[in-house]
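Here's the structure we're looking at; comments come further down.
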Amino acid sequence: MPELPEVEVTRRRIAPFLVGRRIRGVFTTSASYLFLTDPPLLRRRLAGRRVEALERQGKYLVARLDDGRRLVVHLGMTGQLFAGGAASVRLLSAAARASLTPDQQHAFRPDAHTHLRLRFEDGGPQVFLRDVRKFGKVLLLERDASHPRLDRLGPDALGVTGDELFRASRGRELAIKSLLLDQAVITGVGNIYADEALYEAGVRPTRRARRVTRRQFEALATALRRVLERSIETGGSSIRDYVTPDGADGAFQDERRVYGLAGSPCSRCGAAIRRIVVGQRGTHYCPACQR
DNA sequence: ATTCCAACCTGATAGC
DNA sequence: TGCTATCAGGTTGGAA
């Protein structure tokens, strides 16, 4: 689900509910694909800790704790991080929502997909992590510890330059879209924004990376920045599961030009947007505008 | 070293 | 209604 804009919006909006607060109680579900740190250990380590800061590294959220440890969270495809109380009904599926009576439609009740819940000493709003598919990750890093998942990450997509992309592409035969999705090359770009940026830059997603010109890489770097920043401004893309930490939808889905729009007319030339598969990911582009 | 692709999960939706 | 197939904002690890 979440790419750089959704993670950044989540970071900004959940930070007031985390930073400066001391954790009193921790609930987790049992060990699963989601937990890289064993839940009982995680619970022991988090209890009593104060959160000092909340940072983003690519699509990872990193909470710095007052003992030097770090709580690392990745939202995977369906992860939702939000604060209790205000967080609503939008967090549930349409079917689950329909079964609620009006008075139930305000407070969020942790369900089977709610894998982490933090209670705080101040007795204020709790913080929840919900993740239906469990592709997300939760892990606790010891003081000064490193982790391959974080070490592998390349430069943040928001600051990437055409020259960096150009150099990373030398000798690479894979599709340019796949290169953009490689988090070791740049971090933060996912399926939506790769398609959107390639559209804006006029580059066909299937083009071999080494065949993309310097000029096109400049256009791509600019397009990435524009698209990602605009999405952050609008609260991210709420297409399926994503909601902001207060339960609201983002609005960038209304500004998409190609992602999920197969068959619709290109907003620039009117040709029908096409959907193909590149590197096992659904890929959308305009056959006329993108070469 | 690079590229490809199955696997990890669960749910929604479209089509018969 | 019910079943089956396909699709989904991601990442890893192993095979070619």
Side-chain angles (χ1 to χ4, degrees), chain A residues 1-10 29-36 56-61 72-81 91-99 111-115 130-139 147-154 157 168-197 206 208-210 224 227-228 231-232 234-244 249-253 255-256 258-263 275-284:
Chain A
M1 159 251 281
E3 305 180 34
L4 186 153
E6 291 75 29
V7 177
E8 178 60 20
V9 171
T10 297
T29 48
S30 53
S32 74
Y33 189 66
L34 178 85
F35 289 107
L36 293 182
R56 179 182 62 77
Q57 274 184 259
K59 301 176 192 172
Y60 290 86
L61 288 170
V72 180
V73 173
H74 192 292
L75 298 175
M77 291 277 257
T78 52
Q80 304 169 321
L81 187 63
L91 296 157
L92 302 172
S93 68
R97 198 159 45 214
S99 70
D111 61 359
H113 303 301
T114 306
H115 298 290
R130 192 171 176 267
D131 185 356
V132 170
R133 290 177 76 180
K134 291 185 281 199
F135 284 179
K137 288 286 169 271
V138 175
L139 104 114
H147 192 280
R149 282 184 176 254
L150 297 180
D151 294 344
R152 267 199 286 271
L153 301 178
S169 70
R170 291 310 80 192
R172 305 289 304 262
E173 287 290 338
L174 79 176
I176 180 62
K177 166 159 179 184
S178 300
L179 187 83
L180 295 181
L181 291 179
D182 183 346
Q183 305 296 297
V185 173
I186 43 169
T187 6
V189 179
N191 211 30
I192 297 177
Y193 303 105
D195 282 5
E196 293 298 322
T206 49
R208 307 290 98 177
R210 60 183 291 261
L224 281 168
V227 164
L228 295 171
S231 183
I232 291 171
T234 57
S237 299
S238 293
I239 295 173
R240 211 162 273 108
D241 303 286
Y242 176 73
V243 290
T244 61
D249 280 342
F252 189 78
Q253 63 277 11
E255 302 189 21
R256 284 173 296 162
V258 287
Y259 182 84
L261 298 178
R275 179 187 184 280
I276 59 174
V277 174
V278 175
Q280 312 176 101
R281 312 298 302 276
T283 297
H284 316 75

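Sequence lines set the chain letters: A, B, ... in the order given, protein chains first and strands last, and positions in each chain run from 1. The structure displayed is predicted, hence computed values, not measured ones. Values reported hereafter were calculated over all heavy atoms of this structure, with side chains retained and with hydrogens, waters and symmetry mates removed.
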For A/Gln280 and for A/Leu174, locate the closest nucleotide of DNA chain B by heavy-atom distance; then report the residue assigned to the nucleotide nearer the 5' terminus. A/Leu174
Are a donor atom and an acceptor atom from the side chains of [X] and [Y] found within less than 3.5 Å of each other?
X: A/Glu3; Y: A/Tyr242; result: no
X: A/His284; Y: A/Asp195; result: yes
X: A/Thr187; Y: A/Tyr60; result: no

Presence of [X] side-chain N/O under 4.0 Å of [N] phosphate oxygens OP1/OP2:
X: A/His113; N: B/dG11; result: yes
X: A/Arg130; N: B/dT10; result: no
X: A/Arg172; N: B/dT3; result: yes
X: A/His74; N: C/dT11; result: yes
X: A/Arg152; N: C/dT12; result: yes
X: A/Lys134; N: B/dT10; result: yes

How long is the span from the NZ atom in A/Lys59 to the CD atom in A/Gln183, to the nearest 0.5 Å? 4.0 Å
Quick one: does A/Tyr33 reach the base of B/dC8 with a side-chain donor-acceptor pair under 3.5 Å? yes
Candidate nucleotides C/dG10, B/dC9, B/dC4, ranked by approach to the side chain of A/Arg133 - the nearest: B/dC9
Closest nucleotide among B/dC4, C/dT12, B/dC9 to the A/Arg208 side chain: B/dC4
From [atom1] of [X] over to [atom2] of [N], roughly how many Å is that when rounded to an integer?
X: A/Phe135; N: B/dA6; atom1: CZ; atom2: P; result: 14 Å
X: A/Asp195; N: C/dC7; atom1: CG; atom2: P; result: 15 Å
X: A/Asp131; N: B/dC8; atom1: CG; atom2: P; result: 16 Å
X: A/Glu6; N: C/dA8; atom1: CD; atom2: P; result: 16 Å
X: A/Gln183; N: C/dT12; atom1: CD; atom2: C1'; result: 12 Å
X: A/Leu181; N: B/dC5; atom1: CG; atom2: C1'; result: 15 Å
X: A/Leu4; N: C/dT11; atom1: CG; atom2: C1'; result: 16 Å
X: A/Leu75; N: B/dT10; atom1: CG; atom2: C1'; result: 17 Å

Less than 4.5 Å apart, any side-chain heavy atom of A/Arg210 and any of A/Glu173? yes
Side chain to side chain, A/Thr10 and A/Pro2, heavy atoms closer than 4.5 Å: no
Using a 4.0 Å heavy-atom cut-off across all strands, classify [X] as base, sugar-phosphate, or nothing.
X: A/Ile239; result: base
X: A/Arg275; result: sugar-phosphate
X: A/Lys59; result: sugar-phosphate

Base-pairing mate for C/dC3 - Watson-Crick or G-U, with both contacts under 3.5 Å: B/dG15
